[in-house]
Chemist: 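Please see the structure below; I have some questions.
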Amino acid sequence: MKRIVLFVEGDGDRLAVPVLVKRLLTDRDAWDCLFLDPKPFVVGGVNRLFKNDCRNWLRWLGAAAKRGTIGAILLVLDGDVPKIHGERFCAANVARELAQEATRARGGDLFSVAVVFACQEYESWLIAGVESLSGKPLKDGRPGVASGTQPPAQDLEVTPRNAKGWLNKVMESGYSPVIDQGLLTEMVDLELIRNRPMRSFRRLESAISTVVSAVRGQSHVV
């Protein structure tokens, strides 16, 4: 059994991303080879990882490896970044760059590394499945998404910008990432998200499938 360690952006993600990854690992019957580390690393935005020649990224990778029985590290960040290195942000290019830098911490040698960006925000995935949340109370008894709520008709990976603000408007008690992100992730119908053109969500699922296959094959990838 190998450990998969999560790297996330903020405190809401710290609670929500493990819920989502657990659901996706269950879909893949991956518990024969992996277990989910209960303590994600909260690493902030992507620009923080690149500071000082990626010192933070490499330091956190090394710290995760020290937890032992490491099989894979999965980084999940928001993609609402205007620029990086002075150029327009491209999720695919930045993910490849971080994956390549991870080899300096022996990613691909001692453990696998996968990098995924939600476009634009993690909450964009929740909005893609918002019909399944509509009219249902939250697990803690509070009212959730207002009955009859539908997602915007546009490309959900482009609009709405400020997905957190959009959810705040349609939730009867407002939206707090730290309180609500994990609860909504437990409830959302993943098939609804899959059936929409959400390339970033497909990328997440592909990344998880890849690291599961690598662990089962006793190999490592970045």
Side-chain angles (χ1 to χ4, degrees), residues 4-31 34-45 74-80 116-205 207-209:
I4 180 169
V5 180
L6 304 179
F7 284 27
V8 301
E9 186 158 327
D11 288 330
D13 306 302
R14 177 177 58 84
L15 300 174
V17 174
V19 174
L20 179 57
V21 171
K22 183 177 180 179
R23 293 183 64 182
L24 295 175
L25 289 171
T26 298
D27 286 348
R28 287 153 180 76
D29 295 320
W31 303 117
L34 280 170
F35 67 96
L36 187 58
D37 188 282
K39 295 182 179 180
F41 285 76
V42 179
V43 301
L74 173 63
L75 171 68
V76 180
L77 299 180
D78 288 350
D80 57 345
V116 178
F117 288 99
C119 296
Q120 298 283 331
E121 302 166 69
Y122 181 98
E123 285 81 3
S124 300
W125 296 338
L126 298 177
I127 293 172
V130 76
E131 301 105 306
S132 64
L133 305 171
S134 173
K136 296 179 181 178
L138 300 175
K139 188 176 181 180
D140 59 11
R142 289 179 297 120
V145 174
S147 181
T149 300
Q150 295 288 321
Q154 302 97 324
D155 181 353
L156 297 179
E157 295 203 305
V158 177
T159 57
R161 298 305 302 268
N162 186 18
K164 293 177 176 64
W166 190 91
L167 281 175
N168 188 59
K169 291 178 181 178
V170 302
M171 290 187 66
E172 296 184 33
S173 55
Y175 175 70
S176 165
V178 175
I179 299 172
D180 300 323
Q181 191 173 337
L183 296 177
L184 294 175
T185 300
E186 287 184 39
M187 298 167 58
V188 71
D189 185 341
L190 300 184
E191 284 303 314
L192 280 177
I193 307 174
R194 291 179 178 124
N195 290 335
R196 288 204 161 91
M198 303 291 289
R199 290 185 299 168
S200 62
F201 191 78
R202 291 199 298 274
R203 164 64 189 142
L204 173 65
E205 294 210 275
I208 289 175
S209 295

Chemist: Salt bridge or not between K164 and D78? Use side-chain N to carboxylate O under 4.0 Å.
Modeler: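 D78 and K164: salt-bridged.
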Chemist: Does any N or O in the side chain of E121 come within less than 3.5 Å of the main-chain N or O of A163, such that one atom is a donor and the other an acceptor?
Modeler: yes
Chemist: I need the full list of side-chain hydrogen bond (donor to acceptor under 3.5 Å, both in side chains) pairs touching residues 141-150, with sequence neighbours left out, sorted by first then second residue.
Modeler: D140-R142, R142-S173, R142-D180
Chemist: Working note: L184 + L138, criterion side chain to side chain contact (heavy atoms under 4.5 Å, CB included); need CA distance, chi angles, decisive distance, verdict.
Modeler: CA-CA 7 Å; L184 294 175; L138 300 175; 3.7 Å; yes
Chemist: Between F41 and F7, what is the ring plane arrangement, given parallel below 30°, perpendicular above 60°, and tilted in between?
Modeler: tilted
Chemist: Taking only residues two or more places apart in sequence, or in another chain, which ones meet D13 in a salt bridge (charged side-chain N to carboxylate O under 4.0 Å, His left out)?
Modeler: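 Salt bridge (charged side-chain N to carboxylate O under 4.0 Å, His left out) check on D13 returns nothing, list empty.
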Chemist: P151 and I127: which non-hydrogen atoms are nearest, and at how many Å?
Modeler: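 So the two residues come closest at CB-O, 3.5 Å.
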Chemist: Are R196 and E131 ion-paired here, with the side-chain N under 4.0 Å from a carboxylate O?
Modeler: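 A salt bridge is present here (some side-chain N lies under 4.0 Å from a carboxylate O).
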Chemist: Within the distance-only criterion (no hydrogens, no angle test), does the side chain of R161 pair as donor or acceptor with the backbone N or O of D80 below 3.5 angstrom?
Modeler: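 Judged by distance alone, no pair lies under 3.5 Å.
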Chemist: Mark yes or no for whether S134, through its side chain, and G148, through its backbone, hold a donor-acceptor pair below 3.5 Å.
Modeler: yes
Chemist: Give me the atom names and distance for the closest heavy-atom approach of V116 to A207.
Modeler: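 Reported closest heavy-atom pair: CG2-CB, 3.7 Å.
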Chemist: Among all residues two or more places apart in sequence or in another chain, which pass the salt bridge (charged side-chain N to carboxylate O under 4.0 Å, His left out) test with R28?
Modeler: E205
Chemist: Taking G174's backbone N and O only, do any of them form a donor-acceptor pair with N168's side chain (distance below 3.5 Å, no angle check)?
Modeler: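 Not a single qualifying donor-acceptor pair exists.
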